[in-house]
Amino acid sequence: MKTALHEWNLAPKEAIALQKELAQQLELTDRIDPVTHIAGMDIGFEDNGDTTRAAVVLLRWDPATAPDLTVVEQIVHREPTRMPYIPGLLSFREIPAALGAFEKLSVMPELIMVDGQGIAHPRRLGIAAHLGLWLDLPTIGVAKSRLYGKHDEVGEERGDWVPLRAGRDTIGAVLRSRNKVKPLFVSPGHRISLETSLEWVMRCLGRTKLPEPTRLADRLASRRDQRKQAAIQASENASVD
DNA sequence: GCGACAG
DNA sequence: ATCTTGTCGC
């Protein structure tokens, strides 16, 4: 997989035009190979934002032990940050680094859960949708807050959900993944339906609010984990001295 | 023109 | 996203 830089280094106006074009290529019906591995992806930043840190966690999917998934591989990939955060253009800022992490994976997953929106986006191309198109893999957007769309209040119990709408279209779901905790915004990215997206998120839910794939990727990409890793490196170097 | 606004 | 400790509650 080679990344054509011109595809990512775009001025906002061009990026927006490309999103509208790419959104038409999305498949919102299930086209998923038998799932044996699921990946979670998230991004973090270091050096006052100058370095982008992409984290991908590969998990083995076994219906017999779910939602206890086995971590098969963890990748952290760093690159210089290429552009600032602009609402609606998140994928152009974060996907290049994410691709670097996926390239280092020894096994590609059949399904990816991304921290961010799928089609619940003003032009229907959130980061999960964009990544899915690029990798040609099924993706689900699992966001911790809303970017776009309207919705009614959602029930208080785990599993309750209400549709997230944009005009007459349903673009995702507001899902209560834990009792009385702020809901998740789930939307299909590519090669998957909303119904199936919700099934997979529910299936991968452990005790916490986030499904295991994004929870672990979140943790690996976090500032807290960066500090922990730095400390481990320091102690290893010290013991070698 | 005035807000809203994933991470 | 990130800056940041303790603390209220199930």
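So you know, we letter chains A, B, ... as the sequences are listed, proteins then strands, and number each from 1. The figures that follow rest on heavy atoms only: side chains count, while hydrogens, waters and symmetry mates do not.
- With a cutoff of under 4.0 Å to any heavy atom of chain A, the contacted region of DNA chain B is bounded 5' to 3' by B:dA4 to B:dG7.
- Remark: C1' of C:dT2 and CZ of A:R93 are 11 Å apart, rounded to the nearest angstrom.
- Using cut-offs of 30° and 60° for the angle between ring planes, the A:W200 and A:W61 rings count as perpendicular.
- Between A:T29 and A:S193 there is no side-chain heavy-atom pair separated by less than 4.5 Å.
- A:F45 comes within 4.0 angstrom of the backbone, heavy atoms only, and of no base.
- Within the 4.5 Å cutoff, the side chain of A:F185 has heavy atoms near those of the A:H151 side chain.
- Nucleic acid contact for A:G141: none, since no nucleic acid atom lies under 4.0 Å from a heavy atom of the residue.
- Once rounded to the nearest 0.5 Å, the distance linking CH2 of A:W134 with NE2 of A:H190 reads 13.0 Å.
- Considering only heavy atoms from C-beta on, A:D42 stays 4.5 Å or farther from A:V56 through its side chain.
- Contact between A:A97 and A:T52 at its shortest, heavy atoms only, is CB-CG2, 3.7 Å.
- In this structure, the separation between CD on A:Q19 and OG on A:S91 is 5.5 Å, given to the nearest 0.5 Å.
- Distance A:F92 CZ to C:dA1 P: 21 Å, rounded to the nearest Å.
- In the region residues 124-133 of chain A, proximity to DNA chain B at under 4.0 angstrom, judged on heavy atoms, holds for A:G126, A:I127.
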Pairs of donor and acceptor atoms involving the side chains of residues 107-119 of chain A, under 3.5 Å and at least two apart or interchain, shall be tabulated with distances.
residue : atom : partner : partner atom : Å
A:E110  : OE1  : A:T36   : N            : 2.8
A:E110  : OE1  : A:T36   : OG1          : 3.2
A:E110  : OE1  : A:H37   : N            : 2.8
A:E110  : OE2  : A:T36   : OG1          : 3.2
A:D115  : OD1  : A:K144  : NZ           : 2.9
A:D115  : OD2  : A:K144  : NZ           : 2.8
A:Q117  : NE2  : A:S145  : O            : 2.9

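- Residue contacts for A:D42: at a heavy-atom cut-off of 4.0 Å it reaches the sugar-phosphate backbone alone, with no base atom in range.
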Bracket string, DNA chain B, 5' to 3' - pairs by Watson-Crick or G-U geometry under 3.5 Å, | interstrand | .......
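- Between A:F45 and A:E94 there is a side-chain heavy-atom pair separated by less than 4.5 Å.
- Counting any heavy atom pair closer than 4.0 Å across all strands shown, A:K180 reaches no nucleic acid atom.
- No side-chain heavy atom of A:T196 sits less than 4.5 Å from a side-chain heavy atom of A:P138.
- Side-chain contact annotation: A:E79 with A:T51, donor-acceptor N/O pair under 3.5 Å absent.
- From A:I171, atom CD1 reaches atom CG of A:L28 across 11.5 Å, with rounding to the nearest 0.5 Å.
- Within the 4.5 Å cutoff, no side-chain heavy atoms of A:L58 are placed close to those of A:Q74.
- No side-chain heavy atom of A:V181 sits under 4.5 Å from any side-chain heavy atom of A:R176.
- Among the atoms of the strands shown, only primed sugar atoms or phosphate atoms (P, OP1, OP2) are found under 4.0 Å from some heavy atom of A:D115.
- The nearest whole Å value for the distance from the CE atom in A:M83 to the P atom in C:dA1 is 18 Å.
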Intra- and inter-strand pairs of DNA chain C in dot-bracket (Watson-Crick or G-U wobble, both distances under 3.5 Å; | for another strand) | ..........
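- Considering CG of A:N9 and CZ of A:F92, their distance stands at 10.5 Å, rounded to 0.5 Å.
- Interatomic distance, A:D30 CG to A:I32 CD1, rounded to the nearest 0.5 Å: 4.5 Å.
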At under 4.0 Å between heavy atoms, which parts of nucleotides 5-10 of chain C does protein reach? Answer with one letter per nucleotide, 5' to 3': B base, S sugar-phosphate only, - none.
-> ------
